[in-house]
Amino acid sequence: MPATTDELLRMYRTMVLIRLAEERLVQLFAAGEMPGFIHSYIGEEATAVGVCGALRQDDYITSTHRGHGHIIAKGGDLGLFFAELYGKATGYCRGKGGSMHVTDMDLGILGANGIVGAGIPIAAGAALACRMRGLDRVAVAFLGDGATDIGVFHEALNMASLWEVPAVFVCENNGYADFMSRAAHQRIERVSDRAASYSMPGVTVDGNDVEAVRDAATEAVGRARGGGGPTLLECVTYRWRGHYEGDPQPYRTSDEVEEWKRRDPISTTEARLRAAGALDDASRDGVRAGALAEIDRAVAAAEAAPMPSPEEALEDVYVGIVEVGWS
Amino acid sequence: MPATTDELLRMYRTMVLIRLAEERLVQLFAAGEMPGFIHSYIGEEATAVGVCGALRQDDYITSTHRGHGHIIAKGGDLGLFFAELYGKATGYCRGKGGSMHVTDMDLGILGANGIVGAGIPIAAGAALACRMRGLDRVAVAFLGDGATDIGVFHEALNMASLWEVPAVFVCENNGYADFMSRAAHQRIERVSDRAASYSMPGVTVDGNDVEAVRDAATEAVGRARGGGGPTLLECVTYRWRGHYEGDPQPYRTSDEVEEWKRRDPISTTEARLRAAGALDDASRDGVRAGALAEIDRAVAAAEAAPMPSPEEALEDVYVGIVEVGWS
Amino acid sequence: MTRLSYARAVSLALAEAMEADDRVFVLGEDVAHGGAYGATVGLLDRFGPSRVRDTPISEAAIVGYSVGASLAGMRPVAEIMHMDFIACAMDQVVNQAAKVRYMSGGKASAPLVIRAGTGGWLSAAAQHSQSLEAWFTHIPGIKVVTGGTPADARGLLLAAVADENPVLVIESLSLYERQDEVPDAPPPYRLGTADLKRRGDDVTIVTWGAMVPRVLEAADVLHGEGVGADVIDLLTLRPWDADAVLASVSRTNRALVVHQAYRHGGFGAEIAATIAERAFDQLDAPVGRVGSLDVPVPFSPPLEEYVLPTAERVAAAVRAMA
Amino acid sequence: MTRLSYARAVSLALAEAMEADDRVFVLGEDVAHGGAYGATVGLLDRFGPSRVRDTPISEAAIVGYSVGASLAGMRPVAEIMHMDFIACAMDQVVNQAAKVRYMSGGKASAPLVIRAGTGGWLSAAAQHSQSLEAWFTHIPGIKVVTGGTPADARGLLLAAVADENPVLVIESLSLYERQDEVPDAPPPYRLGTADLKRRGDDVTIVTWGAMVPRVLEAADVLHGEGVGADVIDLLTLRPWDADAVLASVSRTNRALVVHQAYRHGGFGAEIAATIAERAFDQLDAPVGRVGSLDVPVPFSPPLEEYVLPTAERVAAAVRAMA
Ligand SMILES: Cc1ncc(C[n+]2csc(CCOP(=O)(O)OP(=O)(O)O)c2C)c(N)n1
Ligand SMILES: Cc1ncc(C[n+]2csc(CCOP(=O)(O)OP(=O)(O)O)c2C)c(N)n1
Ligand SMILES: [Mg+2]
Ligand SMILES: [Mg+2]
């Protein structure tokens, strides 16, 4: 079932929100406001939004180091999100996680991950739990192309196929793993060809086409939910910015980047909505203004929020135990 | 180039030697003479012998927990071998390694392994070294079907294809990983199909047909030696005995075992040699008698050899350091 | 009371836990076949293949699936056949299971259990004989327990499954066949509480796991020589019962820590350092430590026997403190 | 003498080692691009892609290939970007590299180097900030070294590459930008020998890695208070220079061990326990230990600053011993 115009509009709005939130983050980071690393999702919005468009709120996802888009697409609260990235006490993780560990159990966000590939078996295990509990939920593991080289990817997919867990492995093939182009880290035409090693359906889709992603995800999610087992879904996309903010990117040409910018998932969607008469300049501006206002509110709240007090570091290690601090 | 009758006869002799040595080991183990575990290679002889028939003495192999056949096929010294399995000071590893760790650097045997799959990157790394050193050696990693599920298999093959290392990954698909049938541990028709994940040639061959194994190995080894990169070579075979000596094997039927015994790699070869006029009852008995005499000598020497003195445990941890013992 | 082997006590506890709570399931290599060392015998017949899951040889995924399943409401109990193999799953144990709660600011928790068959005296050489508890006692976010008797193995495993945190349960393979009394009703075990296995006033011996019977043997010998030993079985290594240890040391004024793991850098160092620090004025002798020699575990029995600690060496260490 | 950053000292040592010995090559994620933190800058241009190898994200294979290549005559230097990621390669490090010599009865050896970027103060949270040396100091068969200055980082790395054993080289990411004098000719470093970084008679402070500059800072402060500290930088953690430490303690009669790693179960416990045992009669106060609090490393700067040890806490610990 293709997306209705309403759905498309909703996805468009989310993509714009991600883009603008990321742009704001980039500015804040450059201004020295954000501690740690930032891995920008700009350019890949259609993947997160298309996939999450196929999910219910009670479905699970595991995210990655490049996870901001996933969090927002799954419905994450922008205020809690920004506060976390600022390291504030009011953040999603009370300031303990930061950019790479945003978690929202109410939305099925089982955490992002600082370890490449580590979320793959975790999502699959959550999918197994759903099946064992008789729930018709599914779990999506987001992962990069680089993550398909690490051992646990292989182990997790083999086990998923064996147990027919209701999982979808969404590979965001953005052409690079760190500074290494895909040709420099794996010799294989399509990432989705790796599904054959597990007799699992492998699908490749234009990751910059939110409708195509949403359709492919809907099919894979539907199969999983219906007991038909897991899918490896490759979304071919591109990261516009460096691996991390500050990456000088000597490993690629600006021509290559510009070429991909011409395939901007947001402009593409905008054009479609305009063609369908569902968007004009005014409503487009309205979408952007709405997103910006939301971001402004979130950032302002985050900035105003207190840093955690040092002793909060002692909590949340174990259920039922608070550690001893410096005396 | 197919094997000459002479070569076939040589391979036959080695298979018989492995079979009879393993049978002796099984007896000794049952009689309580051997410490530790024993994983019998009986029934799989054609794989080790066919593969090693395609190798030079200076080529490398890494072996597995089920490694006795590899050691003997690569030219291992039966006396050092038995002495090691007895835990004697005169053994290959001075009694420190036992059945799972036989090593002979002069024969390129880089060690067996108690960790499933761990020898795969080690062989590939040795292959890389050969290439970097400008040597035309190749390295073979022996591995089981179960080992193709563990992460490092995937990582090692991906890197091997990327770097075109002169390695051959020989999967001895004997239908089981421990007590788990192949269908219980992976959902894929041929193990060799996994090669496609690395754009690597994947070949499946009858692992009980020593000529077929030798031919396929010769091709793969030749490709590797000539700079054509690695191959995943699946040899379909069967282990006649339990996973380890003492395994009650409730997980399979004796019919299944008997069926495979009818495809005994040694009888098959024998029949071919007879048809070629290269073997008759007398020479067959001669081969067996020769092997038994060699085994008798090795076992007698091993039995007569001294156990290591306790303090020898303190040596061989580091080059240049001897550890401190109990005072 | 029933006489059970250690392995049978483990399967009893697993069955009890699965009976009591539908969310509990077991996974691991060969577990549906009873397990490589027989710790899961009978579970498949009783609970069926959905709750007793054979896995491929994929230690990282075994633990990773357990993390995910626990986050999503189940109570997985994963088996790692030999503790040495946990090296293949370290990221999932240490960077995922142990940290997910903290990194999420308390939002998520991963109540999973990892059972690991551990230790030497199997003539199984360097990759099948290690006691690696020190890797985990160093890591905040996971609990570590180990029983040295069938009854303790059962009680601790039940408590581990009931715990809301990830728990590593170390089982001594060399004790698997050992039989002992196990009470009919599962007694409550509190993680973090040590057990005084024997009482004596001259020295405190702190130990755990496979060394428990060996230390008790040594204590018998010492008793015959007129030396009385408090034998404290820690049971939980993280968090460990420092109060019990220090209370005993304040009475005996001498302490020895004994474990099977390599002595050098073993968890015994933490205990010894803690005693030496916090009981500084009470000690009549340096805190002793007995553990494996600083070499990998060798295959050949006389070598292995030399490298691993024995009752005799424990007794000798106590005598040297007199 | 030249002023170099720690990162630049590392790339200098790599270039020197590669220049001196054709068998030396480097591999790891992004190393051909200079490395994620710039420790391999310039090597690709100078030595070419065969000896400077970018790898896929495959830590186990990075170490496994290194083991194989070292067995077959090469001298690999593998980079693990953050030490936390070594969790993905533990089997190859601990069960393979560290044991191949022993298991083969001395037939094989694996002269490889693993460089691991380590530690916190990066606001990188729990999976990118750990100091895990205690996992390896517990394991016989591998050596462990770590420098706290650019000169030491360079000298130790050269010695590690020249060593016939597998060596883990821990590099402190928080020191990477720190500049200091580096001698023109590479001085010989002997693994296993500690360096007395500062002399004083009142207390012995044993430390390493990222804590070296912090401890020296504390020693300055203490000096101003009339307390003189011997600051011993271990440099090699396995095998560690117990003689140097004990000699110092016999003079100062007080000892403090300081490391960035979690205090609980850290390698400091081994050192403290050893001092407490072997210098029992010489100690005027319990051996102190300062390390990270027993929690994962948090993201937010005030939390991280609270959890990791500081110069101030080191000074406070010494004052408490007076
Ligand atoms: C196990 C592990 N190794 C290395 C890293 C360092 N690292 C962080 S992101 C990254 C690249 C990931 O590439 P990919 O999976 O394609 O994701 P992308 O960044 O392109 O979204 C690497 C190597 C890590 N976090 N974890
Ligand atoms: C990492 C690891 N996990 C588990 C084991 C226990 N184990 C030893 S052999 C084996 C089965 C191996 O199966 P396969 O690779 O097919 O080899 P086969 O025994 O059939 O020759 C297992 C699970 C191990 N040695 N290492
Ligand atoms: Mg990528
Ligand atoms: Mg098999």
Side-chain angles (χ1 to χ4, degrees), chain C residues 59-60 84-96 98-99 101-103 105 125-127 130 132 134-141 238-239 257 261-262 264-281 283 285-289 292-296 298-299, chain D residues 59-60 84-96 98-99 101-103 125-127 130 132 134-141 238-239 257 261-281 283 285-289 292-296 298-299:
Chain C
E59 278 76 8
D84 313 67
F85 310 162
I86 210 168
C88 298
M90 281 302 276
D91 175 65
Q92 289 292 332
V93 179
V94 167
N95 291 329
Q96 311 301 329
K99 295 190 175 38
R101 179 169 174 79
Y102 195 79
M103 296 186 307
Q127 297 172 333
Q130 291 171 99
L132 297 167
W135 286 359
F136 305 95
T137 49
H138 189 40
I139 302 297
R238 184 178 182 88
V257 190
Y262 309 116
H264 187 269
F267 184 54
E270 176 64 37
I271 297 169
T274 302
I275 296 172
E277 184 181 359
R278 293 174 54 190
F280 185 71
D281 293 325
L283 286 173
V287 181
R289 286 185 285 153
S292 287
L293 294 179
D294 197 20
V295 307
F299 164 69
Chain D
E59 278 75 10
D84 314 67
F85 310 163
I86 211 168
C88 299
M90 281 302 276
D91 176 64
Q92 289 291 332
V93 178
V94 167
N95 291 331
Q96 312 300 329
K99 292 187 177 41
R101 180 171 174 77
Y102 194 78
M103 296 188 305
Q127 297 172 332
Q130 293 172 96
L132 297 168
W135 285 0
F136 304 96
T137 49
H138 188 40
I139 301 297
R238 183 175 182 80
V257 190
Y262 309 117
R263 180 191 196 271
H264 188 268
F267 184 54
E270 175 63 37
I271 297 169
T274 301
I275 297 172
E277 185 182 358
R278 293 176 51 190
F280 185 71
D281 293 324
L283 288 172
V287 181
R289 286 185 286 152
S292 288
L293 294 179
D294 198 20
V295 308
F299 163 69

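These values consider heavy atoms only, across backbone and side chains, with no hydrogens, waters or symmetry-generated copies.
- Of all non-hydrogen atoms in Tyr102(D) and Pro296(C), the two that sit nearest each other are CE2-O, 3.4 Å.
- Taking Val257(C), Val94(C), Leu293(C) one by one and counting their heavy-atom pairs under 4.5 Å with chain D, the maximum is reached by Val94(C).
- Interatomic distance, Asp91(D) CG to Met90(C) CE, rounded to the nearest 0.5 Å: 11.5 Å.
- Remark: the backbone N or O of Asn95(D) is not paired with any side-chain donor or acceptor of Asp84(C) at under 3.5 angstrom.
- Of the listed residues Cys88(D), Ala134(D), Pro298(D), Ala60(D), the one with more heavy-atom pairs under 4.5 angstrom with chain C than any other is Pro298(D).
- Interface summary for chain C: among Ala126(D), Ala261(D), Gly141(D), Ala276(D), the most heavy-atom pairs under 4.5 angstrom belong to Ala126(D).
- Taking 4.5 Å as the limit, some side-chain heavy atom of Arg289(C) sits within range of a side-chain heavy atom of Glu270(D).
- Ring pair Trp135(D)/Trp135(C) is tilted by interplanar angle, where 30° to 60° counts as tilted.
- With respect to chain C, the highest number of heavy-atom pairs below 4.5 Å among Lys99(D), Arg278(D), Gln92(D) belongs to Lys99(D).
- Among the candidates Ala269(D), Ala89(D), Gly288(D), Gly268(D), the residue making the largest number of heavy-atom pairs closer than 4.5 Å to chain C is Ala269(D).
- Heavy atoms closer than 4.5 Å to chain C are found in both the backbone and the side chain of Leu283(D).
- For Ala285(D), the part lying near chain C is the backbone, with the side chain staying farther off; criterion is any non-hydrogen pair under 4.5 Å.
- Of the listed residues Ala125(D), Ala273(D), Ala272(D), the one with more heavy-atom pairs under 4.5 angstrom with chain C than any other is Ala273(D).
- When Gly266(D), Ala98(D), Ala279(D) are compared by the number of non-hydrogen pairs under 4.5 Å with chain C, Gly266(D) comes out ahead.
- For Glu59(C), no part lies near chain D; criterion is any non-hydrogen pair under 4.5 Å.
- Using bins of under 30°, 30° to 60° and over 60° for the plane-to-plane angle, the ring pair Phe267(C)/His264(D) lands in the tilted bin.
- For Val295(C), the parts lying under 4.5 angstrom from a heavy atom of chain D are both the backbone and the side chain.
- For the residue pair Asp294(C) and Arg238(D), the shortest heavy atom distance occurs at OD1-NH2, 2.6 Å.
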